[in-house]
There are 2 protein chains.
Amino acid sequence: MQDPTEIAGEPSPGLVSTAIQAITQHIRSEGLAPGDPLPSEAAMTRQLNVSRTVVREAFRSLSAMRLIDMSAGRRATVAKLDTGAMSMVIEHGITTQQISVHQVYDVRRTIEMRTVALAALRRTDAEAAAIAQSARLMRENFKNPEIVMEYDIAFHEAIAAASHNPVFSLIVTAFSGVTRRTWVIGWRTRSSDEDQLKMIKGHEDIAEAILIGDPRLAAEHMALHFDKSVKALLDAGIA
Amino acid sequence: MQDPTEIAGEPSPGLVSTAIQAITQHIRSEGLAPGDPLPSEAAMTRQLNVSRTVVREAFRSLSAMRLIDMSAGRRATVAKLDTGAMSMVIEHGITTQQISVHQVYDVRRTIEMRTVALAALRRTDAEAAAIAQSARLMRENFKNPEIVMEYDIAFHEAIAAASHNPVFSLIVTAFSGVTRRTWVIGWRTRSSDEDQLKMIKGHEDIAEAILIGDPRLAAEHMALHFDKSVKALLDAGIA
DNA sequence: AATAGCAACCTGTCATATAGGTTTCAAGGG
DNA sequence: CCCTTGAAACCTATATGACAGGTTGCTATT
């Protein structure tokens, strides 16, 4: 017909994939920024000369990856960077046992030793305060594991944000889902209040190092923190 | 008020999102592994009591994220870990200027200093050979930038694979698309054959360090390599 | 000029239809 | 008895049309 992406040799990738290509291509060639509107489904339907079904599935796919935002009645818009797709990939890897929790922790350790160092160098005062605040709230709620966990996650995400590199934020946040599934297990191995408070102290040390702007010290504390966390998971028998 | 993210009570996440949840939940609860078949669209339609359109869009969304494989006539199957979604997110961040090439390179440097150290420790002989082979092919084709680039990318992916942590592979591979878009720019700043061969020599040094199993040396060479690459991009005026 | 309300446009979902690919299984030939 | 072949059953890919409800912008009324 008039399919511009039809290339001999390659089996047809399907009309939907073609449509997805067309949409992302449109974003690129028009230089669209987050919030900018995309063509309506009807317009795309005419432009690509396919049924609305195809166009819809393409839009929906991009929406699932959080590359665009959709809502009823309004045109789809270019989305802000979001961790949705990434965390789904990681979750998928975990649930289908293609990756292990330990492997994720190794990656987290690698990345967060860098984010914490960057945070120590580049944090604003507000960011340093937010990080310290999360640590403080962990201590104040240490009797309630669920809450401690959420502040723990917020703590690490705040550090990533303070690194001022959104790619780090993206990855760290993508791992948060895994953390939510394993955190409590590690916490339980720290049976005594003393152990648990010691772990919280580790967070405070990190926050302090960021506050005084010592990247090396911050990275050291972070490494220590991860080593203990991994040990806790090992003790709990997590492969 | 335009915050469709999270509102207490969750008015209606949409039928498609619900269906996506149901499918991923099915994978989890049934403990499906890559290659295992999912229920047919018709079955899902009955189970969720929605139209086939909704189910289809859900399947298609998961397919776009490469969590499942679809093809005509066959049932959808659970997919092997794939970098598709991640690289689209990164690409999207780049094209909409929400992240910069430099930020990606900082993440790559952080991650690859670790993968190369792990590779030095854990590589099989075959993996070491594959890595060295990529470096050799870079040299042999150094008159043809496009080809050098592909072997460069293969080189880094091979190192990630030799780290024996698929999460690293996932991330490194996700960045390959960005590399394809910027690599040539860096190459051009290395105007003389001498400069270009020096850069290839850097790869050979890394391969050698992996071969002899020296993680510290390997990481050092990798850091050097990235520092030079970033400098090359800076010289080329890439923000 | 401000506002209420209507009209046009848009997405969300459903039902139905056709084309074409895949699997299965049994009948027929060796 | 085994192997091939072909058709039936099931599945996905795409198209079309319909209707409900949300959003936006214009218009006519106040």
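Worth knowing before you read on, the calculation uses all heavy atoms, side chains too, and leaves out hydrogens, waters and symmetry mates. In what follows, chains are A, B, ... by sequence order, proteins preceding strands, each numbered from 1.
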task = Indicate for each nucleotide in nucleotides 19-25 of chain C, in 5' to 3' sequence, whether protein heavy atoms under 4.0 Å reach the base (B), only the sugar-phosphate (S), or nothing (-).
result = --BSS--
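Legend: side chain to side chain donor-acceptor pair (under 3.5 Å) pairs involving residues 54-73 of chain B, not counting sequence neighbours, sorted by first then second residue: R56(A)-E57(B), E57(A)-R56(B), E57(A)-R60(B), R60(A)-E57(B), E41(B)-R56(B), R66(B)-D82(B), S71(B)-R74(B). Within the structure, side chain to side chain donor-acceptor pair (under 3.5 Å) pairs that include any residue of residues 161-179 of chain A comprise R108(A)-T179(A), E127(A)-H164(A), E157(A)-S176(A) (at least two apart or interchain).
Within a 6.0 Å radius of CD in Q21(B), other residues, nucleotides and ligands contribute 12 heavy atoms or fewer.
The side-chain contact (heavy atoms from CB on, under 4.5 Å) search around Q97(B) returns none, not counting sequence neighbours. The side-chain contact (heavy atoms from CB on, under 4.5 Å) search around E91(A) returns R181(A), R28(B), not counting sequence neighbours. In terms of the side chain to side chain donor-acceptor pair (under 3.5 Å) criterion, residue partners of Q133(A) (sequence neighbours excluded) are, by chain and number, R136(A). Residues that satisfy the side chain to side chain donor-acceptor pair (under 3.5 Å) test with D125(B), not counting sequence neighbours, are R123(B). Every side-chain contact (heavy atoms from CB on, under 4.5 Å) that A43(B) has, sequence neighbours left out, goes to P39(B), S40(B), R46(B). Under the side-chain contact (heavy atoms from CB on, under 4.5 Å) criterion, A154(A) pairs with S134(A), sequence neighbours left out.
Contacts between residues 26-41 of chain A and DNA chain C, counted as heavy-atom distances below 4.0 Å, involve S40(A), E41(A). Of the residues in residues 43-69 of chain B, those placing a heavy atom less than 4.0 Å from an atom of DNA chain D are R52(B), R56(B), R60(B), in numerical order.
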Side-chain donor/acceptor pairs under 3.5 Å, residues 142-151 of chain A, sequence neighbours excluded:
from: K143(A); atom 1: NZ; to: D193(A); atom 2: OD2; distance (Å): 3.1
from: N144(A); atom 1: OD1; to: E146(A); atom 2: N; distance (Å): 3.4
from: E150(A); atom 1: OE1; to: R180(A); atom 2: NH2; distance (Å): 3.0
from: E150(A); atom 1: OE2; to: R180(A); atom 2: NE; distance (Å): 2.9

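The CE atom of M70(B) sits 7 Å away from the P atom of dT12(D) (whole-angstrom rounding).
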